[in-house]
Trainee: 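Let me begin by handing over the structure; questions about it come next.
These values consider heavy atoms only, across backbone and side chains, with no hydrogens, waters or symmetry-generated copies. Order of listing sets the numbers, starting from 1, for every ligand and every atom in it.
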Amino acid sequence: MLVENAARAELNMSFAEDRIIRKSAEEIEKMRRSGQIVRQVLNHLKAMVAVGVTTMDLEKGAEKLIAELGAAPAFKGYYGYPCVLCTSINEEIVHGIPSEKRTLKTGDIVSIDCGVVSDGYYGDAAVTVPVGETIKPELKKLLEVTEASLYKGIEQVKIGNTVGHVGSAIQKHVEANGFSVVRDFVGHGIGTKLHEAPQIPNFGKKGQGAELTEGMVLAIEPMVNSGGPEARVLGDKWTAVTVDGSYSAHFEHCVAVTRQGPMILTQ
Ligand code: MF3
Ligand code: CO
C-alpha cells in the first residue's frame, strides 16, 4: 500500500484505520483459507508466465480461478483500481495495471500481486518471477535477495518485537546486498479490510513503531530496487516505477503473530 503521510492525507484518501485489530484463532483460520486461495492463484499464474503471454492473460486466468475457488477479488474497485491483479514488469515497482498490450519478453521480471476476500477475510500476497530461459545474473540476485529479505522480516514476527524489528531486518539484508528498499510503499495490517493498521515499512530500527501482540496479522511486502529507492507514479495514477529506471522486485506474505511465532497464512 501507499505510505500514509501528509501528501496522502491531502488527497483525503486514508487507507488504514489507526486501530490495530487483533484476530482470534477462528479468524486466523479463515484468513489462512483466504491466504491459501491467493497462493493457489499465484501458483497457477507462475505456471502461465511465458514469453508471448500478456499481463491481461494473467488477469483473466486469475479472475476465473478466484471465482472457481469461491472467493472474490480484493483489488478490483479498491479506490477505483480496475483489475484483479497488479502486474509490474521490470522497472515497475507495484500497481502495474494488466493490459493486452503488455506482452512478456525473454529476460523480463514480472511481479504479480493478488488479493482475495473469502468469508469476510482478506488474503494478499505477491511474487516476482523471471520470464523465459535466461535472466541477467543481477536480476536473479535481485529476486533472491528480495524474497530472502521477506523471510528475514517474517523471522522477526514475535510477540514483544516491534514493527521496526521487521523493517530493520528487511532493510539490512537488502542493503548488505547492494540494493535499496522503496520507502513510498509499505506493508500493512490485514483482516476484514485489505489495509488495516499498522503500516509495516520495509526499513527502520528495532523498537520503532507498534509492538507486535498475539493475534495481529501483517501483510509484509518488501519492494526492492536494483538502483536507488526513489519511486514515482505514472500518469495512469497507479503504476509506480523506479525514478532511475532500475529494476524492482516485490514479494509478499500475510503472517499472523502467535505464541508459537510467525504463522505464514499465504503458503
Ligand atoms: N498488495 C498491494 C497493497 O497492499 C496491492 C494493492 S492494489 C490496490 O498495497 F489496488 F488494491 F490498491
Ligand atoms: Co499488500
Trainee: Are any N, O or S atoms from Asp124 nearer to the Co ion (ligand 2) than 2.8 Å?
Mentor: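 Short answer: yes, at least one N, O or S atom is under the cut-off.
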
Trainee: Restricting to N, O or S atoms of Glu221, which is nearest to the Co ion (ligand 2)?
Mentor: OE2

Trainee: Tell me whether ligand 1 is touched by His195 - counting only heavy atoms on the residue side and a distance under 4.0 Å.
Mentor: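 So His195 counts as touching ligand 1.
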
Trainee: Using heavy-atom distances, let me know which of His95, His188, Met1 sits nearest atom 6 (C) of ligand 1.
Mentor: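 Of the listed residues, His95 has the closest heavy atom.
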
Trainee: Test Asn161 against every option in Glu211, Gln156, Glu155 by the side-chain hydrogen bond (donor to acceptor under 3.5 Å, both in side chains) rule and name the one that passes.
Mentor: Gln156

Trainee: Output yes when Glu214 and Arg259 qualify as a salt bridge under the 4.0 Å nitrogen-oxygen rule, no when they do not.
Mentor: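 Here Glu214 pairs with Arg259 in a salt bridge, since their nearest N and O are under 4.0 Å apart.
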
Trainee: Between Glu29 and Arg32, is the closest basic N to carboxylate O distance under 4.0 Å?
Mentor: yes

Trainee: For the 3.5 Å polar cut-off, considering only N or O atoms, please tell me whether Tyr81 and ligand 1 meet it.
Mentor: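 Between Tyr81 and ligand 1, no N or O pair is found under 3.5 Å apart.
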
Trainee: With a distance cut-off below 6.0 Å to the six-membered ring centre and an angular limit of 45° from the axis, does Lys237 pair with Tyr79 as a cation-pi contact?
Mentor: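 Verdict for Tyr79: no cation-pi partner in Lys237.
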
Trainee: Between Asp124 and ligand 1, does any nitrogen or oxygen pair lie at a separation below 3.5 Å?
Mentor: yes

Trainee: Yes or no: does Trp238 have any heavy atom under 4.0 Å from an atom of ligand 1?
Mentor: yes

Trainee: Compute the shortest N/O to N/O distance between His250 and ligand 1 and return yes if it is under 3.5 Å, no if not.
Mentor: no

Trainee: Return yes when Leu194 approaches ligand 1 closer than 4.0 angstrom through a heavy atom, no otherwise.
Mentor: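 Checking ligand 1 against Leu194, which is what was asked, there is a heavy-atom contact under 4.0 Å.
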
Trainee: Does the gap between the ring centers of Tyr151 and His253 come in under 6.0 Å?
Mentor: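 Yes, they do, as the ring centres are separated by less than 6.0 Å.
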
Trainee: With a 4.0 Å cut-off on heavy atoms, does Cys86 reach ligand 1?
Mentor: yes

Trainee: Any idea which heavy atoms bring Leu143 and Phe251 closest together, and the distance?
Mentor: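 Closest pair (atom of Leu143, atom of Phe251, distance): O-CE1, 3.5 Å.
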
Trainee: Which atoms of ligand 1 sit under 4.0 Å from any heavy atom of Glu252?
Mentor: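 Counting atoms of ligand 1 from 1, those under 4.0 Å from Glu252 are 1 (N).
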
Trainee: Do the charged groups of Lys140 and Glu144 touch, with an N to O distance under 4.0 Å?
Mentor: yes

Trainee: When Tyr121 is tested against each of Glu27, Lys193, Arg33 for side-chain hydrogen bond (donor to acceptor under 3.5 Å, both in side chains), which residue passes?
Mentor: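 Only one option passes, and that is Glu27.
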
Trainee: Taking the ring centre of each residue, are Phe185 and His250 less than 6.0 Å apart?
Mentor: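 No, they do not, as the ring centres are separated by 6.0 Å or more.
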
Trainee: Restricting to N/O/S atoms, is His188 within less than 2.8 Å of the Co ion (ligand 2) or not?
Mentor: yes

Trainee: Determine which of the N, O or S atoms in Glu252 is closest to the Co ion (ligand 2) and give its atom name.
Mentor: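 Atom name of the closest N, O or S in Glu252: OE2.
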
